[in-house]
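In what follows, a structure is listed as C-alpha cells, so that the remarks can point back to it.
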Amino acid sequence: MSASACASSTFQGVILELSSYWSEYGCVLAQPYDIEVGAGTFNPATFLRCLGPKPWKVAYVEPSRRPKDGRYGENPNRLHHFYQFQVIVKPSPDDILELYLGSLRRLGVDLLAHDVRLVEDDWEGPTLGAWGLGWQVWLDGTEITQLTYFQQVGGLDLSPVSAEITYGLERICMCLQEKDSIFDLVWAPGVTYADVHLQEEVEWSRYCFEESDRETLFRHFADCESECRRLVSRGLVFPAYDYCLRCSHLFNLLDARGAISVTERVGYIARVRDLAKSVAKAYLAAAAEE
Amino acid sequence: MSGDTSHLLFEVGTEELPSGYIAPALAALRDAVERGLKRERLQFDRIETLTTPRRLALEIPALAARQVDREEEVLGPPAQVAFREGVPTPAAEGFARKNGVGVETLERVRTDRGEYVGFTRRVEGQSAVALLPAILRDAVLSLTFPKSMRWGEGALRFARPLRWLVCLLDAEIVPVRIADLHAGRETWGHRFFASGPLSLSSAAVYREVLRAANVEPDAGLRRRLLREQAQAHAAAVGGALVTDEELLDIVTHQLELPQTVLGAFDESFLQLPRVVLITCLREHQRYFCVEAPPVDHGAGELMARFVATTGIPDGEDGKIRQGNERVLRARLDDAAFFYREDLKLPLSARVPELDKVLHLAEIGSIGDKTRRIEALCALLCGQLEASDALSPDDAAVAAAAARLCKADLVTAMVNEFASLQGVMGGCYARASGESPAVAAAIAEHYAPRAADDAVPRTLPGALVSFADKLDNIACAFATGNGPSASADPYAVRRQAIALCRIAWAHALHLDLAALVAGALELLAGAKRCPESGSEVVGFIRGRLNGLLGAEAHRYDTIAAVLAIPDTDLLDLRRRVEALTAFRAAAEFDPLSTAFKRVSRILPKGSPATSLMLNRLSQAEEVALHCEVERARPQVAALLAARQFAAALAVLASLRPAVDAFFDHVTVLDENADLAANRLRLLLEVQELFLHVADLREIVID
C-alpha cells in the first residue's frame, strides 16, 4: 500500500495518526487501562461510560490479551498480546461510517484503489453481557476493524446508543506495510514488532499453555469474584469493576490451560457476566444519585 | 387502468444491510406496499424492486394519480316516516338539508330491515400523493428482521440505521416521513466513487443516475455480471468456476458495483484436502474456487486460483488482487500447519484422547459417547444380521467407523474449522491407512445435517449416523433437555427426522423400541434418564406426521397408522402408503364406517368372557365368525410378509358380513349371555383390524 512516505508507514505512526484524527474530532484521548483485558471494550472508558444518558467521546489504544491465541511467536498472524485502537462516540452520530472512512484516508488508504467492504457482524461479549450490531470492515479481504452499534452493556439496554470502532492495529499495519508476518512490521524506523514483542510472546505462550498453575488461578478467581460482590455491596463501583476484569482475565487463563471443560465454560462465563451486570447496575444507581 | 398515471419511485437508504436480510426484506416491502395500494384502491400496473446493500427501492411505472371514484349510498329515515301520502315530512327535509341535497333527490331504498329513503353520493377518489405517505411509511415499519437495532437517540428499530428516503411521483416529492427522516429527491451513489448526494429530477431517471454514479441497482443484473466475470476469469486460465449459487447470492448483496479479480495461491497448498481449501476460500474469504476441466465425468481437481469479488475495480498495479492473495496465504498457511500437525498421529491413536474431552457434564466424555455409539452400532447390526439384511463386511466396516468417528474432534483442523468435523475424520482415516469404506463411513456420519441434506450414501455410514443421532436424542431426554413446544436445545427434532430418513433410504427394518431401550440403558447413570423408552419412541414416531404429511399423506391416515404399536419406521411408512392407496378405492369409506360401527358399540375395556361358539344363534353371527376365522390367518401371514395393501384388502372382504350382522342381529340382546358373546365377537373383528390400522382415526369428508 502506498503509505511509505507518510507517518502511517510505521506502527507507532498509525497510532499517532489515529490519535490526532479522533482528538481533532473531539474525542478525549484516554489511555490503556492498567489491568489485563481481552479487548478495548473492557476498559471502563467504554464499559461504564456507554451506560446512562451522558454524551461521551473517547479514543485510546488498548493492549489486549487473548491467552488462547498465543502461538509461541511462531505463527505470523496470531498473538497472545496485541493492540486495539478503540473509539466510542455516544450518541452514535449519523455520519459515523463517513468518519471512520475518513480515518482510513488519513492513514493513507486510497479508497478508490482498494476494496473496503462492510460485512455484517453480530458482535457479542458474553462475559460483559454486551451485544450490538454492525460490521467487520474488510480491506482487500482482511478484517481490519469492527464497527458496532452497542445495544446492551452489562445486560442493560442502552439509550442513547454508542458507536464503537475497534481497529486491529497489527492487521491494518500489515496491509499498509504489505507484510506477511506481524513480526516483520516496522514499529519505529529501524525497530520491528519482533524487536519489541517477540520474546514476551514466546514466554507468555509457555506460561499460558504449560506453566500457569490451575489451583492458584481457580483460587484467585474465587477471591476476585467475592471481592467484586463485596465492593458492589459497598457502592464502590470502580474498584468492584477492577475485580470483575480480573475474573475475566483469570477465566481466559484457565480456559487457555484447558482447565475448564466445554460445559463448565458456559458456567464461568455466566459468573463473570453476573459480576459485570451488578457493576453496571451499581454504576447507574450511583449516577442517578449525583 | 384508465386516466392519469404517474411514475413512482420509493427508495429507503440505509447503512450496509446484512446480505442475507436484503432479498426477504425487499419482497416483504413490495408485498406490504401492494396490500396498501389495493386497500386504498390505487390502481397500478406492476411493482419493480431494486436493491443494493445501501438501499431498498420500489418503482411503479404507472400508478393511478387518484383513487378510483366510488358511489356511496347514504340512508336516511324509514320510508313510512319520510313521506306521508307522497309528501316529504320534516324528517325527510331535515335529512336532505343535513346532507346538502334537495329533498327531491331522495329515493326509496330496500334493505333487510325494510324500506328507507336515501340517496347515492359520488365520492371522489383522493390523490395518490395524499395517500402514499401513510402506505409507504407503514410498509417500511412493518418490516421485520432476524435481528434489529436502535441507533443514536432514536427509538426506531431496523436492521441497520436508516439514512435517507427518496419518494418521487414523476417529478413531485411525496412527503413520506419515517421517524425524523423526510423524503426528498436526493439519493446517494457509490460510497467511494460518488461524493455528495445526487439530485433526481424525476422518478424515471433513478436507474440512469445510479448507474452513472457506479451503482448497479438491479440485484439480478449484478448477480449475472458477477457470474459472467467469474466464469471468464476461470476460463482465461483454462479452468471452470465451481458453481456456488449461495455464495453468488451473498456477494451480490455485499456490493453496489459488481467487480471481480482473479487471484492465485501457491500450488503446494493443493495438497490440502479439497474441503479444507474450499472452507478457507469460501467460508472465510467468500472467494469462488476454480477447478480444472474434469477428466471423465467426475469433478475436476481444484486449481491454485480463486476469484474474489470487489466493489472497486482493481488498478493496473493489482493492489486489490495482491491484498486478497496475502490474506489467503495466511489462511492457507494456518490450515497447512494444522494438517501437517494432525498427520503426525494416526487417527486411531487419537481415540484415547477423547476421554479427556467433556461431552456433557452429567453424562461424560466424548470417549464415553464413542463407546455408546459403538454399542448402539452393534445393536443395529445385530438386528439387521438377524434378518440377513447386512453383510459381515458392512458390519465390520460400521464397527471400525464407529470407533474412529469422533477422533477428529481432537485434531487441530477441526478445532479451527468446526464445520469440517466428520469430513476431516474421513481424510485422516484414509491417510492413516484405514480402508476407503471406513473412511467414507466416518466422513458422512454427521449426514444429514439439515432437512435438504442427503442421508449417508453407504450403509455403514448410515448405521454410524443412526447410532450417533439416537444417542444424541437419548442424551437430550436423559438430561432433561428434550424438546418442548418452545425449545429444542439439542436439536433432537432434526435428528429424529434424520433417523426416519436414514431407515427409509436404506430400507432398514429396525425395532425402534429395542434400540431406544438400549440407548437409555447405556445412559442409566444419568439423573433424569426416563424409566421407559416409550416417551422417546413416541417422540421419534411423531416425526412421521411432518415427514409424511409433506408427501401429501393425509394427517388422519398417518394418525390411523400411528395408533398401531408398530415401532419399525420403515413398516410404518409402508403402512401409511398402503392406507393412502386404499383410501382411493371405492370400498374404503364403507369399510371405515363398518369399523367405526363395531368400535362404537364396544364398551370400554374388553368383555372378560371368551367367545362361546354354541351361543352363536343367528345365521349372520355365525357367518361373521366364520369370516373372522378365515381372515385372521391371512392377515397374519400378509403382515408377516409386510404386504399391507393385501392385508387391507382382506379386511375389506369382511365388510358384507359385518353389515349383515348389524342389519339382522340385535347385539345388546335381553339375554345378557348372548349380548356378551356378541360383543366378544365384535371385539375379535376390532382386534383383527387393529393389526393393520385404527380406522377410528379416519375422518370422512
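Lettering follows sequence order; numbering is per chain, from 1.
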Taking A/Tyr21 for its side chain and A/Leu107 for its backbone only, find out whether a donor-acceptor pair lies under 3.5 Å.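 No, the answer is negative, given that no donor and acceptor are paired below the 3.5 Å cut-off.
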
Distance-only, no hydrogens or angles: does the A/Arg257 side chain make a donor-acceptor pair with backbone N or O of A/Glu210 under 3.5 Å?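 The answer is yes, because a donor-acceptor pair under 3.5 Å joins these two groups.
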
Worked verdict on A/Ile144 versus A/Trp138 for side chain to side chain contact (heavy atoms under 4.5 Å, CB included): CA-CA 6 Å; A/Ile144 55 165; A/Trp138 287 10; over 6 Å; no

Heavy-atom cut-off 4.5 Å, strictly under: side chain, backbone, both or neither for [X] against chain B?
{"X": "A/Lys179", "value": "backbone"}
{"X": "A/Asn75", "value": "side chain"}
{"X": "A/Arg78", "value": "side chain"}
{"X": "A/Asp122", "value": "side chain"}
{"X": "A/Val89", "value": "neither"}

Taking atom types as modelled and ignoring hydrogens, do the side chains of B/Gln229 and B/Gln259 form a donor-acceptor contact shorter than 3.5 angstrom?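 Short answer, no.
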
Checking B/Thr52 against B/Arg222: is there a side-chain donor and acceptor pair closer than 3.5 Å?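 Looking only at side-chain atoms, B/Thr52 and B/Arg222 do not form any donor-acceptor pair under 3.5 Å.
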
Taking the side chain as C-beta and beyond, is there a heavy-atom pair between A/Trp22 and A/Ile165 under 4.5 Å?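 Side chain of A/Trp22 against side chain of A/Ile165, heavy atoms only: contact under 4.5 Å found.
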
Is B/Leu165 close to B/His182 at the side-chain level, that is, under 4.5 Å between some pair of heavy atoms?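 A side-chain contact is absent here, since even the closest heavy-atom pair is not under 4.5 Å.
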
In terms of heavy-atom pairs under 4.5 Å, which option from [options] contacts chain A the most?
{"options": "B/Ala308, B/Gly152, B/Pro18, B/Gly323", "value": "B/Gly152"}
{"options": "B/Pro161, B/Gly20, B/Gly315", "value": "B/Pro161"}
{"options": "B/Ile320, B/Ile250, B/Leu255", "value": "B/Ile320"}
{"options": "B/Tyr287, B/Phe193, B/Phe192", "value": "B/Phe192"}
{"options": "B/Arg150, B/Gln285, B/Lys147", "value": "B/Arg150"}

Top contributor to chain B interface from [options] [non-hydrogen pairs under 4.5 Å]:
{"options": "A/Pro76, A/Gly134, A/Ser159, A/Ala163", "answer": "A/Gly134"}
{"options": "A/Ile96, A/Leu97, A/Leu101, A/Asp115", "answer": "A/Asp115"}
{"options": "A/Pro93, A/Gly132, A/Ala113", "answer": "A/Ala113"}

Below 4.5 Å from any heavy atom of chain A, which atoms of [X] appear? Answer side chain, backbone, both or neither.
{"X": "B/Arg331", "answer": "neither"}
{"X": "B/Ala155", "answer": "neither"}
{"X": "B/Ala330", "answer": "both"}
{"X": "B/Ser148", "answer": "backbone"}
{"X": "B/His284", "answer": "backbone"}

What's the separation between atom NZ in B/Lys319 and atom SG in A/Cys175, rounded to the nearest 0.5 Å?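 Going from the NZ atom of B/Lys319 to the SG atom of A/Cys175 covers 11.5 Å.
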
For chain B, which residues from residues 47-57 of chain A lie under 4.5 Å away (heavy-atom distances)?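 So no residue qualifies.
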
A/Tyr167 and its ring-ring contact (aromatic ring centres under 6.0 Å, His included) partner, picked from A/Tyr100, A/Tyr83, A/Phe82: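 Going through the options one by one, the only one that passes is A/Tyr100.
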
Smallest separation among heavy atoms of B/Arg163 and B/Leu181, with atom names: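 B/Arg163 and B/Leu181 have their closest heavy atoms at O-CD2, 3.6 Å.
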
For A/Ala288, enumerate each residue passing the side-chain contact (heavy atoms from CB on, under 4.5 Å) test, keeping only those at least two apart in sequence or located in another chain.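 Per chain and number, A/Ala288 pairs via side-chain contact (heavy atoms from CB on, under 4.5 Å) with no residue.
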
Can you say whether the rings of [X] and [Y] are parallel (under 30°), tilted (30 to 60°) or perpendicular (over 60°)?
{"X": "B/Phe265", "Y": "B/Phe306", "answer": "parallel"}
{"X": "A/Phe150", "Y": "A/Trp123", "answer": "tilted"}
{"X": "A/His197", "Y": "A/Tyr193", "answer": "tilted"}

Within 45 degrees of the axis of the six-membered ring of B/Trp164 and under 6.0 Å from its centre: does B/Arg54 put its NZ or CZ there?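 Pair B/Arg54/B/Trp164 does not count as cation-pi.
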
